[in-house]
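Below you'll find the structure, written out as structure tokens, and then a few comments.
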Amino acid sequence: MTNLQHNFLMMLQTNNLTFFYNKDTQFAFPELRCDASNALLITGNSGKGKTTLLHLLAGLLRSKKGEIVIENTDISSLSEKQLDQFRGKNIGLILQQSHFIASMTVLENVVLASWLATGKKAVAKAEKLLSELDLENQKHKLPSQLSIGQQQRVSIARALINEPKLLLADEPTSSLDDENAFKVAELLEKLSKEYKAALVIVTHDSRLKNKFTNQINLN
């Protein structure tokens, strides 16, 4: 494999990543690697730093030491403005709390994510994504009118609208029943392959451990 091919495949890599909130709460994370179209499951009990790690990968927190390389960019070397721009174009975030704008429709919430990142409203792409996620009949509803499972799928559409290189999901199945949990996990895996994104799922949901072979446990 040539270096060029290797660089194309490797979408995420971390080295020597550490973070601390104070002297009593410090984290040293194992090295991560995830290639395009592949998935990495990060598990661990509460307090082991799963969400902290996800926020570091998303550039929402700054590491105290180490590198986070997404494709060929070390995001820890970017300024705040550069990081905001990079995140909007390259990172899709699916958080536990969806943070929709309550007064906007499902479609408008998804389109807004494209406008914030690019200055353009990708309406046709948003409609295609919602249709692909079986939400075509829900697009003119308000988020509050949807079930939790439907809201989760809207979050996925919003995260994918800018065709990110890295898709980060924080506990995407924890509030779902078994049937919907496996549906969401399969959807995430399918869509990461379709969009050639590296998928990182952070969870304590043991139901997903048999679904993904590439796993790291924080202990």
* **L116, CG atom: more than 12 neighbouring heavy atoms under 6.0 Å** => yes
* Is the count of non-hydrogen atoms from other residues, nucleotides or ligands lying under 6.0 Å from K121 atom NZ greater than 12? -> no
In terms of hydrophobic clusters joined by side-chain contacts under 4.5 Å, are [X] and [Y] together?
X	Y	answer
M10	I42	no
L95	I161	no
L83	L61	yes
L54	I201	no
V110	I156	yes

Student check: side-chain heavy atoms of [X] and [Y] closer than 4.5 Å:
X	Y	result
V154	Q138	no
F100	S155	yes
L218	F27	no
T52	F29	yes
T173	L208	yes
Q150	L135	yes
N90	T73	no

* Tell me whether the guanidinium CZ or amine NZ of K211 lies under 6.0 angstrom from the six-membered ring centre of F182 and within 45° of its axis. => no
What distance do [X] atom [atom1] and [Y] atom [atom2] have between them, rounded to the nearest 0.5 Å?
X	Y	atom1	atom2	answer
S175	N180	OG	CG	9.5 Å
Q215	L41	CD	CG	5.0 Å
K81	L78	NZ	CG	13.0 Å
R33	L40	CZ	CG	11.5 Å
E163	S114	CD	OG	11.0 Å
I70	L168	CD1	CG	7.0 Å

* Structure fact -> Those residues at least two apart in sequence (or on a different chain) that pass side chain to side chain contact (heavy atoms under 4.5 Å, CB included) with T118 are K120, N162
Looking at [X] and [Y], what are the two nearest heavy atoms and their distance?
X	Y	value
G92	P164	N-CB, 3.4 Å
P143	Q151	O-NE2, 2.9 Å
P30	I216	CG-CG2, 3.7 Å
R158	H99	NH1-O, 3.5 Å

* **T14 and E31: side chain donor to acceptor below 3.5 Å** =>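 No pair is found: no donor N or O on one side chain lies under 3.5 Å from an acceptor on the other.
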* Side-chain donor-acceptor pair present, N16, K65, cut-off under 3.5 Å -> no
Checking the side chain of [X] only, and the main-chain atoms of [Y] only, is there a donor and an acceptor separated by less than 3.5 Å?
X	Y	answer
Q152	P172	yes
N38	C34	no
K50	G44	yes
E171	H204	yes
T105	E108	yes
R153	L187	no
E67	S76	no
S192	E189	yes
N109	M104	yes

* Kindly assign one of parallel, tilted or perpendicular to the pair F19 and Y21, based on the angle between their ring planes and the thresholds 30° and 60°. => perpendicular
* Dump the intermediate steps for salt bridge (charged side-chain N to carboxylate O under 4.0 Å, His left out) on E194 and K190, then the final yes or no. => CA-CA 6 Å; E194 184 180 326; K190 170 182 171 285; 3.6 Å; yes
* Checking side chain to side chain contact (heavy atoms under 4.5 Å, CB included) for the pair L60/L93: CA distance, chi angles, key distance, verdict? -> CA-CA 11 Å; L60 299 174; L93 269 174; 4.0 Å; yes
* **Among L167, L199, V184, the one residue meeting side chain to side chain contact (heavy atoms under 4.5 Å, CB included) with I94** =>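 Single pass found, and it is L167.
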* **V202 and L53: CA distance, side-chain angles, deciding distance, side chain to side chain contact (heavy atoms under 4.5 Å, CB included) verdict** => CA-CA 9 Å; V202 168; L53 176 55; 5.7 Å; no
* Could you give me the CA-CA distance, side-chain angles and deciding distance for R87 and D84, then say whether salt bridge (charged side-chain N to carboxylate O under 4.0 Å, His left out) is met? => CA-CA 5 Å; R87 186 190 306 110; D84 285 344; 3.0 Å; yes
